[in-house]
Amino acid sequence: MSLSHCSHHQLEDEYKKTDQNESDMLKNLPREKGWTTEYVYQYQSVWLTPTFVKGVKLVQQYFNAQSTDILLATLPKSGTTWFKALIFSIMNRTRFDSPSHPLLTKGPHDCIPFLEYIIQDERSYQDYQFSCLPRRLFATHIPCPLLPASVMSSGCKIVYVFRETKDVFVSNWHYMTKLRLKELPSFPIEDAFYLFCKGVSHFGPFWDHVLGYWKASLENPENVIFLTYEDMKKDPVVCVMKLAKFLGKPFSLEEEREGVAQEIIRLCSFQNLSSLEVNQSGLQHFSPHFAVENTHFWRKGQVGDWKNYMTLEMAQQLDEITRQKLAGTSLIETLHVDTIT
Ligand code: PAP
């Protein structure tokens, strides 16, 4: 049994201990076949594992955003790990020398926690204080409309990262297969594809998630920035500078001369981070009951890997759904979603 399976058992056991009210609540939610667990449940129009139903409810109940907070929002497998490292490095660039940089000894997920994992009770956020930071940095997979009202009213900064649909699907399939409970039947890519197209993916439907943050970025451009994985790959210096400016930490002329942005990009690169001992071994403990092998966060880190796993027919079908779902928005041109050549 792999460690990730072991940790999922712990997670499931914990879930079995949940009180009757929670079990009753789940029984009343629509459910579908799950990717890692037997079922996922539709809570407030979003598909979630039982643990995340609980996590989202707790965030809604207890998280009170502050104006100085920075929130990285993503769908799973859209570049969360990479952007956690980038945001952490941008915000802390004057605090650490290269040899003592926290990212050399801590995984990106230890530098910026997920809202939906750290919450245990109402004290979690009040107590949460990352010792080296003046500002709180969080990440979340929760769709924009489901976040507590304080997130928008506080004026905190939200960084949303979009990744091309087919690459997100393929990355999810690889990751979820590794985390899937061992007593469940195998999960061929065709089964995953059927669910994904129906909108049944963790924190999905994919398109609703994207549209929610896209709309928020149009309504609040000062507070919500919409970036893409592909742009960061193609033009990292421009993207990192844009991100730093948005976060209120623009690079000075001196920093530009010294190549500070380039140094951050190198530090956070797939090649560099995935080769570090801290990311090559051990477990990422998201909560006392849930941990994932660190190596699972680093697979290929490439644009267009979908071509190695999806048939042309699958790709065309998914592109067509994306075109339909995003029709009528300028997003469709921005994202170059039709990548079939
Ligand atoms: P999460 O939402 O579970 O935290 P997330 O980090 O968003 O996962 O996604 C992991 C993907 O980002 C993997 O993509 P792949 O399966 O297509 O390879 C992973 O390889 C990629 N990734 C992780 N770190 C980096 C990085 N520094 N640069 C580019 N891609 C990265």
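Numbers for residues simply follow the sequence, beginning at 1. Every number for a ligand or one of its atoms is a count from 1 in the order of the listing.
- With no hydrogens or angles considered, a side-chain donor-acceptor pair links Glu320 and Gln324 at under 3.5 Å.
- Annotation: side chain of Arg163 is in contact with side chain of Ser171 (closest heavy-atom distance under 4.5 Å).
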Which donor-acceptor pairs under 3.5 Å do the side chains of residues 236-249 make with protein atoms, sequence neighbours left out?
none

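- The closest protein non-hydrogen atom to atom 24 (N) of ligand 1 is Trp298 CZ3, 3.1 Å.
- Distances between N or O atoms of Thr80 and those of ligand 1 include at least one value under 3.5 Å.
- Between Phe114 and ligand 1, not a single N/O pair is under 3.5 Å apart.
- For ligand 1, the atoms lying closer than 4.0 Å to a non-hydrogen atom of His141 are 2 (O).
- Listed by atom number, the atoms of ligand 1 under 4.0 Å from Lys300 heavy atoms are 18 (O), 20 (O).
- Under the 4.0 angstrom criterion for non-hydrogen atoms, His174 is not in contact with ligand 1.
- Contacts between Ser171 and ligand 1, counted as non-hydrogen atom pairs separated by less than 4.0 Å, involve both the backbone and the side chain.
- For atom 27 (N) of ligand 1, the closest non-hydrogen atom on the protein side is Cys268 O, 2.9 Å.
- Between Arg299 and Tyr175 the shortest side-chain heavy-atom distance does not fall below 4.5 Å.
- Between His109 and Phe297, the two ring planes are tilted [angle within 30° to 60°].
- Using a 4.0 Å cutoff on heavy atoms, Met232 does not count as a contact of ligand 1.
- Under 4.0 Å from ligand 1, the heavy atoms of Ser269 that appear belong solely to its backbone.
- Using bins of under 30°, 30° to 60° and over 60° for the plane-to-plane angle, the ring pair Phe96/Phe88 lands in the parallel bin.
- Ligand 1 places these atoms under 4.0 Å from at least one heavy atom of Gly301: 15 (P), 18 (O), 20 (O), 30 (N).
- Residue contacts with ligand 1: Phe83 is excluded, as none of its non-hydrogen atoms falls under 4.0 Å.
- What sits closest to atom 3 (O) of ligand 1 on the protein, heavy atoms only, is Lys77 NZ, 2.8 Å.
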Start with the C-alpha distance between Phe251 and Arg93, add both sets of side-chain angles, then the distance that settles side-chain contact (heavy atoms from CB on, under 4.5 Å), and finish with yes or no. CA-CA 10 Å; Phe251 290 96; Arg93 63 185 187 265; 3.6 Å; yes
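- Using a 4.0 Å cut-off between heavy atoms, Ala85 makes no contact with ligand 1 at all.
- Inclusion of Gln302 in the set of residues having an N or O under 3.5 Å from an N or O of ligand 1 is not warranted.
- Classified by interplanar angle (parallel below 30°, tilted 30° to 60°, perpendicular above 60°), the ring pair Tyr117/Phe114 is perpendicular.
- Which parts of ligand 1 touch Pro76 is read off a 4.0 Å heavy-atom cut-off, strictly below it: atoms 2 (O).
- The aromatic rings of Tyr160 and Phe226 sit tilted, their planes meeting at an angle between 30° and 60°.
- Lys234 and Glu230 are not joined by a salt bridge, as no carboxylate oxygen comes within less than 4.0 angstrom of a charged side-chain nitrogen.
- Here Phe187 and Trp35 bring their ring centres to under 6.0 angstrom of each other.
- Only the side chain of Arg163 comes within contact range of ligand 1, with a heavy atom under 4.0 Å; no backbone atom does.
- Assignment of His109 to the shell around ligand 1 is supported, since a heavy atom sits closer than 4.0 Å.
- Where the criterion is an N or O separation shorter than 3.5 Å, residue side chain and backbone included, Leu75 fails it with respect to ligand 1.
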